[in-house]
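On a predicted model such as this, the values are computed, not experimentally measured, just so you know.
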Amino acid sequence: MTDYVVGQRWISDTEPDLGLGHIQHVEPRRVTISFEASGQTRLYATSSAPLTRVRFNVGDRIQSQHGWHMTVDRVEDGEGLLTYFGERDDGSAVALPEAELAHHIHFNQPKERLFAGQIDSDSWFRLRLEALRHQQELARLPVRGLIGGRVDLIPHQLYIADEVSQRRAPRVLLADEVGLGKTIEAGLILHRLLLGERIGRVLVIVPDALLYQWLVEMLRRFNVRFSILDEDRFEAWKEADPEVNPFLEEPHILCGLDFLTQHRGAAAKALAGEWDMLIVDEAHHLQWSPEAASPAYRLVEALAMMTPSLLLLTATPEQLGRAGHFARLRLLDAQRFHDFDAFLEEESGYPETAAVATVLGGNDERLSAQDVALLSARLTDDDIQPLLQRLETGTAEPEDRERLLDLLIDRHGTGRVLFRNTRAAVQGFPARRLMAHALTEDGADTRLAWLVQQLKTLVPERALLICQQAQTAIGLAAALRETVGLHAALFHERMSIVERDRAAAYFADEESGTPLLICSEIGSEGRNFQFAHRLILFDLPENPDLLEQRIGRLDRIGQQHTVHIHVPYLENSREAFWLRWYHEGLDAFEHTCPVGTAVLNTLEEEFGQSLSALAADPDRIDAIIDRTRELRTAQLVLLEQGRDRLLELNSCRPQRARVLCESVAAADDDPGVRHFMERTFDCYGVHFEDHSPGCWIAQPSDHMYITQFPGLPEEGCTLTTSREMALRREDIQFLSWDHPLARGALDLILHSREGNVTVAAIQLASVPAGQVLVESFFRLDCPADLRLNAQRYLPPDLLRVLVDPEGCDCAVDIDADTVSKSAVSVPLHLVRDLIESQYETVRRQVMAAEVLAEEQAPRLREQSVAHMQAELGAEFNRLVALAKVNPSIRSDELQALQDDMADLREALSQSRMQMEAVRVLFTH
C-alpha cells in the first residue's frame, strides 16, 4: 500500500485541472488532499485513490510558491518528504521543500508519454482533439447551462433564468402568476449555477404535498437529483448514529415545511447544513406581521441569513397583504427592507414612474411635457438630453424610446429582487371551455356508462381523466378493461417512477398508445400533457388551487387547441353546488382565478362554517354564489390596483428574451453533440443503435473500455437531441451539451491520458518524403477557483504549432484540415522503432514547439485579462450607476464583483501554456 505523509504533493489522475495538491490529513482508510490553486478539497480511499506522486528529477526546472524558479541538482527524501536542491535563476544555491512548490504546477503528460513509447491510436487522438475543441467552445457559450433543461423555449422563463443566474449570489422572489412556470424558472437557475459549480449544497423547502412534484421536476427536466428528507428518514439516521447530521449527508436535500417546523430537532440540524442556496416554494405561507412572525417564517429567516443565495416562489406576492409582501422582501435583504412604513412610502412613488414607462413602451403614443419632465428628473445622464428633446418634439426613433425605457426600468422599482409576469402580458394560453354533463341517477354504473359513451364521442382524440383517489383511478381502469376492452393508462402515487413513465409514454404514443390516461390527484402533479386537450374531471376538488392545478396539466403555454373540460355531476348534489360555485361564482373553469382561495377563506370566515356544509342548504346557495361573485370582483380590483407595471416590464425584456430563445434554439440545432457522443461510445465500447426517427439507444456492453460510463444507467437509456420529442416523451432523455452524459464524456476524455499522443504517416506535396513533423496543440491553463469560471475568458481556440526538422512553425502553410484528411495511422508495433530512430530530432522539435507556444502566451494572457475586464468592468460600472438611484443594489454584491475581478486578473495573469496533445508525422 502507498505510504501517504502529510505535506506530500500529489496530482489527481482524474482531475488534473485541480493543480498540485498536498496531503492535509491521513487516516487508516482515507486521505484528504487540498488543491489550493482551484480552491478544492478531495477525500479519497487510500486503497484506490486516483493519485500520482509528484517527484521531479535532476535537470527539471521547478517553481516555488513565491514565484522564483530553480533547476534541480539533487533530490533528498527525508521521512517521506522530498527536498529539492539546486540553483535559482539568479545563480544562488537554494533548497526547496516539496510543500513550498507552486500550487499551479502541471505536468506535460503528452511529452512524457511520447518518449516513453505510450502511443494511442489515431481514433483516440481525434476524439481528444474534438473534446478539447468542444470544451473551448462551450466555455464561452453565452447560454451554457440554459440549453439542457427539458423545457419549452418560453421567453420570459429564459430571461429570468439568465438574469438571475448571472448574479454572484442571487436573492430574488419569483412571483409569476399561476401557470407561468415558476418551478421551471427556479430549476433553470439552479441547474445553471450547479453546472458552473458556483453552488454545491442546496436545500429546497416546499409544502408536503409538493415534495414528489419537485423531486420529479428537478430530475426529469434538469437531471438534478434530490434526496427527500422526511420524518422517517430523519429518525432512521438518528437511530443509526445520533451524532450524524442527515442534512450534511447529501448535497441536495428536499423536505417539507411542516416536517422542519414540527419535528423536534429537525430545524436545528437544517440550520447546521452549510447551504449555498435555499429555495422556498409557496412562500406566501410564511406568515409575518410587524408584531409577530410564525415559526415557519422565523426558521426560513434564520436559514436565509446564513445562506448566500435565496429563491422564494409565490404566485401572488400580495396574497397576505402589503405586510406579507414586505415580509418576503425582508427575507431577501433585511438591510434594504428594514422598515415597513419606509417601504410603503417608497412604493407610493412607483405608479407615476410606471405610467411613463408604459407610454414609452407603446412606441406610438407621444409623451406629454409632464412625462418628459419626470424622465428628466429620473434620468440625469448628459447623453440622455438629446433623446428627451426628440421625445418632446415627436421625432424620437423607436430605438430612442427603447433605450430610455431600459434605463428607466433598470434604475427604478424593485426589479432587482422581484420578478413577476402575468398571463395577460405573456399571452399564448389557450381558451378553456366547460362541458358540464348532468346525470339523472347516482351510482358507479351510471358514471361508468357516461364515461364509456363520452370516450366514444371523443375518438380519435385523447383525454386525461383526473380523480381524487388512487383507488378510484384503479377501479375505473379495471372496469373499462372488463366492460369495453379499453386498456387505459394508469398514473397514481402507488406506482413507481418507472411505471409512471411508462404510463405517460403509453398515453403520448400516437400510433400504438391509449386514448385515455387516468390520474389520481397526486399522480397528476408536475406532468405536462399538453399534447391532449380533453380533460375529464371525474370528481371535483374542494379547493380552487387544486382545480387550477388539474386544468393546468393541459392549459399551458404552447397548447394548440381549446381545452375542453368535461365534468359529470348528479343534479341537486353537493358536487352540483361545487360546479356552480366554481363556474358561476369564480369563473374558474374558463378563466384563471388567482383569488379563488382568498374568496373561499373569506366566505368560510363570514359564514362560520365550511363551504361543503353550506352546500347542504339549498335556500342559501344562490346567495353564496352572488356573494362569491362580489368577493371575486373586489379581490381582482385590489390585485389590479396593486400591480407594479414597472416591475412587470422589468420581468421580461422582450428583445433580450428573444435573443436568448434564438441562441438556445441554435444550440438545439447543432448536430455536434450527437456525433461526438457516437464517436465517444464507439471508442469506449458502449453499445448504441437507432431506436426510432431522431432517437437512439445507448447501453453498457461487455466490451466497454471502462467499468462504468459516467451518466449512463446500468439498464441503458433512450436519447434524443430533439427538444420537441423530449417534451412529448418523458421516457426519452434530452441529450444536449448540458446533459450528464455529454459532460461526463468530456470530463472522462480530458481527464484521462488516452488520445494525447499518436504517430501517423502523411504524404504532402510541399514536404519531401522521409521528413518528420511534430504537430502540437496547446491551451492556456488557468487553475483558478471553479466558481470564477475563468475558462470563459481564455482563448476560444486551441493553439496549434507544427514544427519542421529545422524547428520552424509551418502551421500556416500546412493547415489542420489537410493533416487530418491525409494522416494515416501507423501500426503500433512499428511506432516504437520509428520514435527511437528519430529520437533526438523529435525531442528537439517538441522542445521547439513548447518555446514557440510559450512565446505567444503573454499575448494570449493579456487578451484574456482584457476580455474579462471589458465584460465584468462594464457590469460593475453599470451596478455602481444603478446603486446611486436604486437601493436594491446590495453593497456586498458590488464588493463581490470587485473581488472576483481582482481574483480573475491574478489567475489569468498566472495562466500557463499547457500541451494537450502531440502527433508525430512521418512523411512518405
Side-chain angles (χ1 to χ4, degrees), residues 17 134-172 174 181-202 204 217-226 251-252 276-277 279 308-309 311 419 656-657 659-670 672-673 676 710-711 721 723 726-727 733-747 750 784-794 796 868 871-872 875 900 904:
D17 286 347
H134 285 311
Q135 182 194 51
Q136 298 284 94
E137 293 167 1
L138 291 171
R140 299 169 71 94
L141 184 66
V143 290
R144 183 78 196 275
L146 297 179
I147 60 178
R150 189 202 295 258
V151 298
D152 280 309
L153 302 185
I154 298 175
H156 78 273
Q157 293 176 355
L158 286 176
Y159 172 81
I160 289 175
D162 182 64
E163 172 69 23
V164 174
S165 62
Q166 290 192 63
R167 301 180 187 177
R168 168 70 180 276
R171 297 177 70 89
V172 299
L174 304 178
K182 294 179 296 297
T183 306
I184 289 176
E185 292 164 6
L188 284 167
I189 295 166
L190 171 68
H191 178 244
R192 197 181 204 188
L193 294 177
L194 286 171
L195 202 65
E197 299 189 61
R198 292 165 54 198
I199 61 172
R201 295 187 46 74
V202 183
V204 177
E217 287 275 284
M218 294 303 106
L219 178 59
R220 296 303 187 207
R221 290 189 182 277
F222 306 105
N223 297 297
V224 177
R225 295 183 178 274
F226 274 87
H252 309 144
D276 298 317
M277 171 171 273
I279 302 176
S309 297
L311 299 183
F419 292 87
R656 277 182 55 191
V659 170
L660 282 169
C661 286
E662 291 171 353
S663 299
V664 175
D668 287 350
D669 292 337
D670 178 13
V673 64
F676 171 71
T721 54
R723 186 177 295 272
L727 287 168
Q733 295 196 31
F734 177 47
L735 180 66
S736 72
W737 288 113
D738 285 349
H739 190 278
L741 265 176
R743 292 188 285 114
L746 285 171
D747 289 342
L750 298 178
D785 193 316
L786 296 176
R787 66 173 176 78
L788 295 173
N789 191 16
Q791 299 299 318
R792 70 187 188 272
Y793 302 113
L794 296 177
M868 180 276 296
E871 183 177 302
L872 295 188
E875 177 64 10
D900 281 355
L904 278 166

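- Expressed to the nearest 0.5 Å, how far CZ of R221 lies from CZ of R150 amounts to 8.5 Å.
- For the residue pair L174 and A186, the shortest heavy atom distance occurs at CD1-N, 4.0 Å.
- To the nearest 0.5 Å, atoms CZ (R723) and CD1 (I147) are separated by 8.5 Å.
- For R743, the salt bridge (charged side-chain N to carboxylate O under 4.0 Å, His left out) criterion is met by no residue, not counting sequence neighbours.
- To the nearest 0.5 angstrom, R792 atom CZ is 5.5 Å from E871 atom CD.
- Counting non-hydrogen atoms of neighbouring residues, nucleotides and ligands closer than 6.0 angstrom, the CZ atom of R140 exceeds 12 such neighbours.
- Between the H252 side chain and the G200 main chain, a donor and an acceptor come within less than 3.5 Å of each other.
- Considering CG of L188 and OG1 of T183, their distance stands at 11.0 Å, rounded to 0.5 Å.
- Side-chain contact check for F419 versus E163: some heavy-atom pair is nearer than 4.5 Å.
- Across every non-hydrogen atom of A169 and S309, the tightest pair is CA-OG, 3.5 Å.
- In this structure, L904 and Y793 have side chains that are in contact, with non-hydrogen atoms separated by less than 4.5 Å.
- Each of L194, V202, L195 was evaluated against V224; a single residue qualifies, L194, per the side-chain contact (heavy atoms from CB on, under 4.5 Å) test.
- Looking at heavy atoms from C-beta onward, N223 lies out of side-chain contact with F734 at the 4.5 angstrom threshold.
- The CG atom of L158 lies 10.0 Å from the CD1 atom of I184; values are rounded to the nearest 0.5 Å.
- Separation of atoms CE (M277) and CG (L193) is listed at 5.0 Å; rounding is to 0.5 Å.
- Relative orientation of the H134 and F676 rings is perpendicular, given thresholds of 30° and 60° on the angle between their planes.
- Put simply, the residue from V664, V659, D738 that forms a side-chain contact (heavy atoms from CB on, under 4.5 Å) with V143 is V664.
- Side-chain atoms of E137 and W737, non-hydrogen and from C-beta on, never get closer than 4.5 Å to each other.
- For A657, the side chain to side chain contact (heavy atoms under 4.5 Å, CB included) criterion is met by P155, Y159, C652, not counting sequence neighbours.
- In terms of heavy-atom proximity, A742 sits nearest to S736 at CB-O, 3.3 Å.
- Counting only heavy atoms from C-beta outward, the side chains of R167 and V172 approach each other to under 4.5 Å.
- Under the 3.5 Å distance criterion, the side-chain polar atoms of D670 are matched with a main-chain donor or acceptor of G672.
- Checked by atom type and distance alone, the side chain of H739 never pairs as donor or acceptor with a backbone atom of G148 at under 3.5 Å.
- Under the salt bridge (charged side-chain N to carboxylate O under 4.0 Å, His left out) criterion, R192 pairs with D162, sequence neighbours left out.
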